[in-house]
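Report on one structure; see the data block that follows.
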Amino acid sequence: MLGFTYYTPTKVAFGKGSVERVGELMKQFGGTRVLIHYGGQSAVRSGVLDRVKKSLDEAGIFHVELGGVVPNPHLAKEREGIELSKANGVDFLLAVGGGSVIDSCKAIAYGLAEPEHDVWELYAGQRKAKACFPVASVLTIAAAGSEMSNSCVITNTDTEEKRAYDDDLARPKFAIMDPELTMTLPDYQTEAGCADIMMHTMERYFVNSGTMELTDALAEGLLRTVMHNAEVLHTDPRNYDARAEVMWASSLAHNGLTGCGSDGGDWMPHLLEHEMGGMFNVTHGASLAAVWPSWARYVYKDCLPRFVKYAVNVMGVTPGATDEETALAGIAAMEEQLALLPPESEQAQALAAQIAGMRTTYEEKSAELAFGKQQADAAAEKLAASAQTLAAGETALAAGRADYEAGRAEYEKNKASFDKGKAEGAEKLADAERAAETGRWMEGIQRRGDGCAGGY
Ligand code: NZQ
Ligand code: ZN
């Protein structure tokens with residue numbers, strides 16, 4: 001188990017009719033001039049926007065509004081919100097919507113707190129925020145968990161980059177959660193939201209760092225609860241209790257609770273989704289559902305005990321003959337669960353097809369990567385064998401060179417003694433020749449002497 005800091009400063013007002021408390025809570029947290037930020041049409045159609053405005057009016061709180069936030073919210077809208085807020089002296093940002101609207105509010109809040117800087121610099125990793133205006137939300141979809149999280153995800157459509165910036169400064173002051181508000185959600189968004197909630201829990205569950213029994217139990221219980229109630233809502237979308245269970249799960253899955261005692265995970269499925277969201281504007285939860293099974297099959301061997309625990313405790317798998325078998329059965333069961341996501345419209349079906357295409361590409365790329373790795377391993381093996389042969393050759397060469405040097409030394413030694421012998425021999429020969437010459441000379445004298453002796 002690792003040490004941790006747990007910080008969840010958001011006040012939660014949960015239950016039927018909690019929307020009517022927005023004026024009271026805004027007063028409590030010091031908001032006097034509020035920007036009400038919302039999405040496309042759902043907040044207007046459902047009447048929640050009017051209820052929010054009425055409550056603020058009753059509390060005597062000034063407000064301006066800005067709608068039009070799209071899923072995977074755009075930087076351009078945040079820039080518009082910053083300018084509008086400056087012009088109206090806004091001191092508090094109120095999101096009426098889901099993750100996209102809350103994140104758009106957080107980005108505006110960062111921009112207002114440090115107007116001398118471009119807000120995108122935070123998402124581009126060029127600086128850290130020093131301040132942030134206060135943010136709160138009236139949640140209308142259970143999914144992203146932004147209502148209590150320190151995270152904010154924005155898309156820059158110019159560069160097709162979807163990037164997150166995480167900082168406790170942006171944790172919302174309060175969150176109003178009335179499960180009834182989510183009853184107007186299309187089934188597709190409800191199920192995509194459930195997928196996202198499960199992903200936030202699983203990103204933190206599959207770790208190789210320390211873990212904690214209590215955190216595991218909370219995470220496993222949360223996953224079982226969301227899976228069960230997602231199925232209930234699939235057939236009974238107006239079931240209040242199921243809506244409430246899922247809504248509270250969305251906050252607990254992403255406020256840090258399920259990461260206590262571990263390193264919090266590497267968030268790879270989310271990082272993959274951000275790339276797809278930035279380029280293809282896919283629904284966040286649906287895109288995660290498409291990516292997760294391929295990711296899980298790619299990594300499960302590196303985290304086997306966790307996948308086995310998850311298969312048994314969350315997916316109810318009976319342990320197989322091997323741990324691998326059990327882990328794979330758990331992944332297959334979750335894949336089946338994620339397939340519950342119903343395509344809602346022609347556009348959703350097109351997106352689902354797009355995601356399926358991306359998944360195939362991802363799997364093909366993974367296979368190519370595996371093949372490339374195999375070839376690289378084989379080449380590395382050959383290289384190692386050649387290096388071994390080279391090393392043996394070098395040893396033999398060194399031995400040969402030593403033999404050669406020894407032979408050469410022997411030769412030099414013999415040559416020196418030969419040269420010495422030759423010089424001595426030459427000297428003796430010269431002596432002998434000189435002696436012979438002397439002998440011949442003496443003999444000549446003798447002969448001449450003998451002749452003279454006869455004549456005298
Ligand atoms: O725009 P409107 O008309 O409101 O329609 C929305 C939108 O089309 C609709 N909707 C919301 N409440 C409704 C409703 N329709 C009918 N009745 C209601 N009561 O639902 C659609 C999706 O809304 P959105 O806010 O995009 O959903 P979600 O909460 O899933 O947010 C997704 C965004 O959050 C980011 C995602 O990347 C994505 O951009 N995330 C933010 C995180 C955070 N800040 O902590 C963490 C997450 O991992 C995630 O990355
Ligand atoms: Zn998410």
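Sequence positions, counted from 1, serve as the residue numbers for this chain. Read the numbers this way: they start at 1 and go in the same order the structure lists the ligands and their atoms.
- Closest to atom 1 (O) of ligand 1 among all protein heavy atoms lies Gly40 N, 2.7 Å.
- To the nearest 0.5 angstrom, Phe280 atom CZ is 10.5 Å from Glu275 atom CD.
- When each atom of ligand 1 is checked for a heavy atom of Pro71 under 4.0 Å away, the hits are 7 (C), 8 (O), 26 (O).
- Aromatic pair Phe133/Phe92: ring centres not closer than 6.0 Å.
- Neither the backbone nor the side chain of Val48 comes within contact range of ligand 1; no heavy atom lies under 4.0 Å.
- Distances below 4.0 Å separate heavy atoms of Thr140 from the following atoms of ligand 1: 11 (C), 12 (N), 13 (C), 18 (C), 19 (N).
- Screening Val12, Thr10, Ile102 against Glu147 for a side-chain contact (heavy atoms from CB on, under 4.5 Å) leaves a single residue, Ile102.
- Nearest residue to atom 28 (P) of ligand 1 from Pro73, Gly99, Gly97 is Gly99 (criterion: closest heavy atom).
- If you check which protein heavy atom lies closest to atom 44 (N) of ligand 1, you get Asp103 OD1, 2.8 Å.
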- Audit row: Arg243, Thr190, side-chain hydrogen bond (donor to acceptor under 3.5 Å, both in side chains) steps and yes/no: CA-CA 9 Å; Arg243 288 279 175 201; Thr190 298; 3.2 Å; yes
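- Which parts of ligand 1 touch His274 is read off a 4.0 Å heavy-atom cut-off, strictly below it: atoms 50 (O).
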- Item | From CA spacing to verdict: side chain to side chain contact (heavy atoms under 4.5 Å, CB included), Met334, Met198 | CA-CA 10 Å; Met334 176 49 84; Met198 290 196 287; 3.9 Å; yes
- Query: Stepwise, does the side-chain hydrogen bond (donor to acceptor under 3.5 Å, both in side chains) test hold for Glu78 with Tyr110?
  - Reply: CA-CA 10 Å; Glu78 280 89 58; Tyr110 281 127; over 6 Å; no
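- Considering backbone and side-chain N/O atoms, Ser151 comes within less than 3.5 Å of an N/O atom of ligand 1.
- Across all non-hydrogen atoms, the minimal contact from Val34 to Leu56 is CG1-CD1, 4.4 Å.
- Residue-level proximity to ligand 1 for Ala143 is carried by the side chain, the only part with a heavy atom below 4.0 angstrom.
- In this comparison of Asn255, Leu288, Leu185, the heavy atom closest to atom 13 (C) of ligand 1 sits on Leu185.
- Note: an N/O pair closer than 3.5 Å links Thr184 and ligand 1 by distance alone.
- Using a 4.0 Å cutoff on heavy atoms, Ala192 does not count as a contact of ligand 1.
- Annotation: Gln41 places an N or O atom under 3.5 Å from an N or O atom of ligand 1; distance criterion only.
- Here Asp196 contributes OD1 and His284 contributes NE2, and at the Zn ion (ligand 2) these two atoms make an angle of 90°, given to 10°.
- Less than 4.0 angstrom separates some heavy atom of Asn72 from each of these atoms of ligand 1: 38 (C), 39 (O).
- Within the coordination shell of the Zn ion (ligand 2), defined by N, O or S atoms under 2.8 Å, His254 is absent.
- Less than 6.0 angstrom separates the ring centroid of Tyr310 from the ring centroid of Phe206.
- Residue Leu288 holds its CG atom at 9.0 Å from CG of Leu272, rounded to the nearest 0.5 Å.
- Close contacts of ligand 1 with Gly39, meaning ligand atoms under 4.0 Å from a residue heavy atom, involve 1 (O).
- Listed by atom number, the atoms of ligand 1 under 4.0 Å from Ser149 heavy atoms are 43 (C), 44 (N), 45 (O).
- Of the N and O atoms on the side chains of Glu65 and His37, not one donor lies less than 3.5 Å from an acceptor on the other residue.
- Heavy-atom minimum distance, Pro319 versus Val312: CG-CG2, 4.1 Å.
- Atoms CZ and CH2, from Arg163 and Trp120 in turn, are 6.5 Å apart once rounded to the nearest 0.5 Å.
- Taking CG from Asp167 and NZ from Lys130, the interatomic distance works out to 11.5 Å, rounded to the nearest 0.5 Å.
- Of all protein heavy atoms, the one closest to atom 22 (C) of ligand 1 is Gln189 OE1, 3.5 Å.
- Smallest separation of non-hydrogen atoms from Ala253 and Thr201: CB-OG1, 3.5 Å.
- Nearest to the Zn ion (ligand 2), among the N, O or S atoms that His200 has, is NE2.
- Cation-pi check for Lys11 over Phe29 is not met; the charged atom does not lie both under 6.0 angstrom from the ring centroid and within 45 degrees of its normal.
- Across all their heavy atoms, Gly99 and Ser146 have their closest contact at CA-CB, 4.2 Å.
- Taking the six-membered ring where the residue is Trp, the centroids of Trp267 and His254 are separated by under 6.0 Å.
- Every atom of ligand 1 is numbered from 1 in the order shown, and the set under 4.0 Å from a heavy atom of Leu181 is 19 (N).
- Not a single heavy atom of Arg45 sits under 4.0 Å from any atom of ligand 1.
- Ranking protein heavy atoms by distance to atom 26 (O) of ligand 1, first place goes to Ser100 OG, 2.5 Å.
- For atom 27 (O) of ligand 1, the closest non-hydrogen atom of the protein is Ile141 CD1, 3.9 Å.
- Contact annotation: for Lys162 versus ligand 1, heavy atoms closer than 4.0 Å belong to the side chain alone.
- Nearest non-hydrogen protein atom to atom 49 (C) of ligand 1 is His284 NE2, 3.2 Å.
- Contacts with ligand 1 closer than 4.0 Å are made by heavy atoms of both the backbone and the side chain of Ser42.
- Close contacts between ligand 1 and His254 involve ligand atoms 45 (O), 46 (C) [criterion: under 4.0 Å to a heavy atom].
- Of the protein's heavy atoms, at least one falls inside 4.0 Å of atom 33 (C) of ligand 1.
- By the 4.0 Å heavy-atom criterion, His200 is counted among the residues contacting ligand 1.
- Residue Met183 places no heavy atom under 4.0 Å from ligand 1.
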- Quick one: do Arg79 and Glu83 satisfy salt bridge (Lys or Arg N to Asp or Glu O under 4.0 Å)? Show the steps, please. CA-CA 6 Å; Arg79 293 201 200 285; Glu83 291 315 314; over 6 Å; no
